[in-house]
Amino acid sequence: MFFFRYCVVTAACAVFLTACDGRLRSARQTADATGNPEMYRLVEHYKDDPEKLTAVAFLLENVAGHEARTFELVDSAGNASGFSLYRAGATSGRYQDMLDSAGLRLRRRTLPDAAVLTADYLIRDIDLAFDSWKNNPWSRLYSEEMFREYILPYRVADERISDWRSFLADRYRPMIDTMSAPRTVENVAALVISDIQKWYRYDSGVLTLETMPTPEEAYVYGKGECYSMANMFVLGLRAVGIAAATDVIPVWGTSRGGHAEAAYFDEYGNPVTLTTGSNLGAKPVRVYRVRYSRQHADREAAARGVSPFWEDVTALYTNTSDIRIPVDTAAFGPEERSSLGLAVYGSRSWRAGVMADSVSLWPDGESGRPVAHFSRIGRSILYMPAVVRGGYTYPVGEPFTLDYKGNIAYIRPDTSHRITLHLTTLLTDTVVFRPDDYRLLYWADGDWKEHPGRVETNPKNRAAYLIRDVPGRTFYRLHDRTTGRDYRNRPFTTDGWWIQRY
């Protein structure tokens with residue numbers, strides 16, 4: 001019996017040691033592949049710590065493609081300056097004047113992590129990450145996979161490398177130690193978020209020369225846009241051992257621009273969105289969660305127009321659909337198939353919203369035309385099949401609406417069907433409406449046409465407005481000729497009375 005137990009224990013130890021040797025060997029090979037001797041030194045530092053060695057292997061296996069997209073300020077001789085733009089008065093419209101007065105110019109830089117990271121930096125950052133995971137009661141239920149993806153990474157996007165974890169942990173540790181509420185993920189997250197909102201506020205005119213400033217710079221500068229704010233929330237949460245990620249909406253489907261949200265994970269791994277959650281201010285075409293590990297091959301990511309580190313989480317925010325849409329292959333060449341997608345309307349023009357998953361050139365049984373396939377796209381949006389050519393989007397199919405139930409309604413203008421368009425439900429008290437300034441545009445034959453009719457007051461109600469003899473069954477824009485903008489910046493559909501904005 002003793003001999004049997006001895007053999008079992010010996011065999012188990014041999015398996016464990018073999019696995020450890022294999023893990024170390026693999027980590028060394030991954031470190032060598034970076035071409036940076038510092039990464040090999042990092043692996044050697046943790047060779048006797050299997051848990052942290054696994055974490056190092058995860059970071060190195062996914063480091064390719066991660067980089068800092070930043071800038072430095074240099075003088076006329078090209079020498080780096082210690083001048084910081086993150087100061088009072090620096091805005092997207094005024095920073096160049098500040099540089100000119102200081103005799104400096106901007107030099108863009110792209111710094112691949114694999115080439116510039118040091119062992120000392122990563123050792124310190126990894127140890128702090130493990131400390132926040134292991135020694136905080138609210139973090140202990142996180143799985144190792146959750147920790148590696150959403151606490152361990154030394155960066156959240158393509159910002160400059162900094163000692164953010166030390167700065168933010170030192171700030172929040174005393175606050176957490178003295179908080180009166182139970183120390184749960186929810187309560188600690190609320191403390192961190194509330195504090196960041198006090199010293200880092202939203203401002204649409206801030207510098208956007210890089211993804212975000214360092215936390216130290218942000219504390220001095222005091223303002224950011226939605227993407228840098230979401231990233232700052234994520235850094236603050238990760239610094240205290242709360243798994244968190246940035247969720248990106250590259251393009252709104254019913255508004256201009258895009259957006260970024262911060263999300264954290266509760267003790268059981270369920271995502272909790274911070275800013276707007278399910279009550280989004282507009283309809284997203286797609287929502288992506290920024291992860292550290294690679295989600296797509298580079299070629300696939302480029303074809304989809306996304307980062308290789310983005311995970312599609314649209315269904316967590318809104319109802320989605322998988323659809324097949326007929327396209328006119330005569331309207332684009334074979335070399336443009338990779339840019340085929342669905343465009344959405346911005347404030348003044350169509351812009352790419354989502355790329356096609358695939359295109360079937362054989363005629364579809366229902367439509368008799370080739371079809372493009374799209375998966376997991378947001379609903380309640382007006383879409384246009386289009387290709388990108390020279391930076392502009394060109395229609396290659398019929399526009400359609402995808403309603404909240406997932407029903408598709410193709411828009412086929414009928415100039416023989418005329419309606420009287422009543423504008424009352426479109427107009428709001430918050431916008432001054434001057435009828436003579438506006439012209440109605442409608443979509444027909446793949447372009448916007450101006451309707452010759454003018455905005456009139458309703459004979460039965462002088463406070464109401466209408467336009468007569470309007471082509472029906474299409475969508476419209478009420479365009480202000482004096483400002484070059486559309487009323488409420490959105491196109492709309494109508495049956496004459498009821499108006500639906502998109």
Side-chain angles (χ1 to χ4, degrees), residues 22-47 49-72 108-130 144-165 210-212 214 227 231 234-235 238 243-248 250 260 288-313 338 355:
R23 186 183 297 117
L24 178 59
R25 187 182 311 110
S26 176
R28 284 171 171 166
Q29 291 173 346
T30 305
D32 284 341
T34 67
N36 182 352
E38 288 288 301
M39 299 303 96
Y40 192 88
R41 189 161 73 86
L42 173 68
V43 170
E44 294 305 299
H45 178 83
Y46 289 117
K47 66 180 180 181
D49 188 332
E51 190 174 35
K52 289 186 178 179
L53 183 63
T54 300
V56 168
F58 169 79
L59 293 176
L60 295 184
E61 286 165 3
N62 293 282
V63 73
H66 285 292
E67 60 190 14
R69 296 183 182 181
T70 183
F71 65 90
E72 63 180 354
R108 299 280 184 179
R109 302 187 71 192
T110 299
L111 307 173
D113 290 0
V116 302
L117 286 172
T118 66
D120 289 342
Y121 170 81
L122 286 176
I123 289 169
R124 176 175 174 77
D125 194 73
I126 290 168
D127 287 348
L128 286 172
F130 267 89
E144 187 173 355
E145 179 183 3
M146 183 73 70
F147 163 74
R148 286 200 303 262
E149 196 71 64
Y150 300 118
I151 297 178
L152 172 67
Y154 53 89
R155 68 159 63 256
V156 66
D158 54 8
E159 74 277 18
R160 271 177 293 134
I161 297 297
S162 72
D163 191 15
W164 59 269
R165 208 182 297 265
E210 54 186 349
T211 298
M212 63 183 295
T214 67
Y227 190 38
N231 289 335
V234 172
L235 293 182
R238 290 182 180 181
T246 301
D247 290 350
V248 177
Y288 298 97
R289 179 156 294 155
V290 182
R291 301 182 61 156
Y292 181 81
S293 63
R294 185 172 291 273
Q295 303 299 301
H296 316 277
D298 286 341
R299 180 174 295 182
E300 178 190 2
R304 291 176 177 267
V306 300
S307 163
F309 306 104
W310 286 4
E311 174 193 13
D312 188 342
V313 294
S338 62
M355 296 295 105

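Here Glu51 pairs with Lys134 under the salt bridge (Lys or Arg N to Asp or Glu O under 4.0 Å) rule; sequence neighbours left out. Here Glu72 pairs with Val74, Ala80, Arg107, Arg109 under the side-chain contact (heavy atoms from CB on, under 4.5 Å) rule; sequence neighbours left out.
Side-chain atoms of Met212 and Leu235, non-hydrogen and from C-beta on, do get closer than 4.5 Å to each other. Contact annotation: the side chain of Arg238 approaches that of Trp164 to within less than 4.5 Å [non-hydrogen atoms, C-beta and beyond]. Considering only heavy atoms from C-beta on, Val313 stays 4.5 Å or farther from Tyr288 through its side chain. Using a 4.5 Å heavy-atom threshold, the side chains of Arg41 and Asp120 count as touching.
For the atom pair CD1 (Ile161) and CG (Asp113), the distance works out to 4.5 Å, reported to the nearest 0.5 Å. The CG atom of Leu152 sits 13.0 Å away from the OH atom of Tyr150 when rounded to the nearest 0.5 Å. Note: Thr30 OG1 to Met39 CE = 12.5 Å, rounded to the nearest 0.5 Å. Rounding to the nearest 0.5 Å gives a distance of 11.0 Å between NE2 of His45 and CG of Leu53. Within the model, atoms CG of Asp163 and OG1 of Thr214 stand 10.5 Å from one another, a figure rounded to the nearest 0.5 Å. Considering CG of Leu24 and CD of Gln29, their distance stands at 10.0 Å, rounded to 0.5 Å.
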message: Would Val43 and Val56 count as a side chain to side chain contact (heavy atoms under 4.5 Å, CB included) here? Give the steps.
response: CA-CA 7 Å; Val43 170; Val56 168; 4.0 Å; yes
- request: Evaluate the side chain to side chain contact (heavy atoms under 4.5 Å, CB included) criterion for residues Leu42 and Ile126: first the C-alpha distance (whole Å), next the side-chain angles of each, then the deciding distance (0.1 Å), finally the verdict.
  value: CA-CA 10 Å; Leu42 173 68; Ile126 290 168; 4.2 Å; yes
message: For Tyr46 and Asp127: C-alpha separation, side-chain torsions, deciding distance, then whether side chain to side chain contact (heavy atoms under 4.5 Å, CB included) applies.
response: CA-CA 11 Å; Tyr46 289 117; Asp127 287 348; 2.8 Å; yes
task: Begin with the C-alpha distance, continue with both residues' side-chain angles, and end with the deciding distance and a verdict on side chain to side chain contact (heavy atoms under 4.5 Å, CB included) for Glu38 and Leu117.
output: CA-CA 7 Å; Glu38 288 288 301; Leu117 286 172; over 6 Å; no
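When each of His296, Arg289, His66 is tested with Phe309 by the rule side-chain contact (heavy atoms from CB on, under 4.5 Å), just one qualifies, namely His66.
Under 4.0 Å is where a charged nitrogen must lie from a carboxylate oxygen, and between Glu145 and Arg148 no such pair does.
Remark: the backbone N or O of Glu210 is not paired with any side-chain donor or acceptor of Arg69 at under 3.5 angstrom. Although no hydrogens or angles enter the test, the distance criterion places no donor-acceptor pair under 3.5 Å between the side chain of Ser26 and the main chain of Gly22. Using a distance-only test at 3.5 Å, with no hydrogens or angles considered, a donor-acceptor pair links the side chain of Glu149 to the main chain of Ser293.
In terms of heavy atoms, Ala129 sits closest to Phe147 at O-CE1, 3.5 Å. Scanning all heavy atoms of the two residues, the minimum distance from Asp32 to Tyr40 falls at OD1-CD1, 3.2 Å. Scanning both residues, Arg165 and Ile151, for their nearest heavy atoms gives NH1-O, 2.9 Å. Across all their heavy atoms, Thr246 and Tyr227 have their closest contact at CG2-CE1, 3.9 Å. The two atoms that bring Ala157 and Asn231 nearest to each other are CB-ND2, 4.0 Å, heavy atoms only. Summarising the geometry of Glu159 relative to Arg155, their closest heavy-atom pair is O-NH1, 2.7 Å, with the distance given to 0.1 Å.
In this structure, Tyr154 and Tyr292 have perpendicular ring planes: the angle between them is above 60°, well past the 30° mark.
With 3.5 Å as the limit, one finds a donor-acceptor pair spanning the side chains of Arg23 and Thr54.
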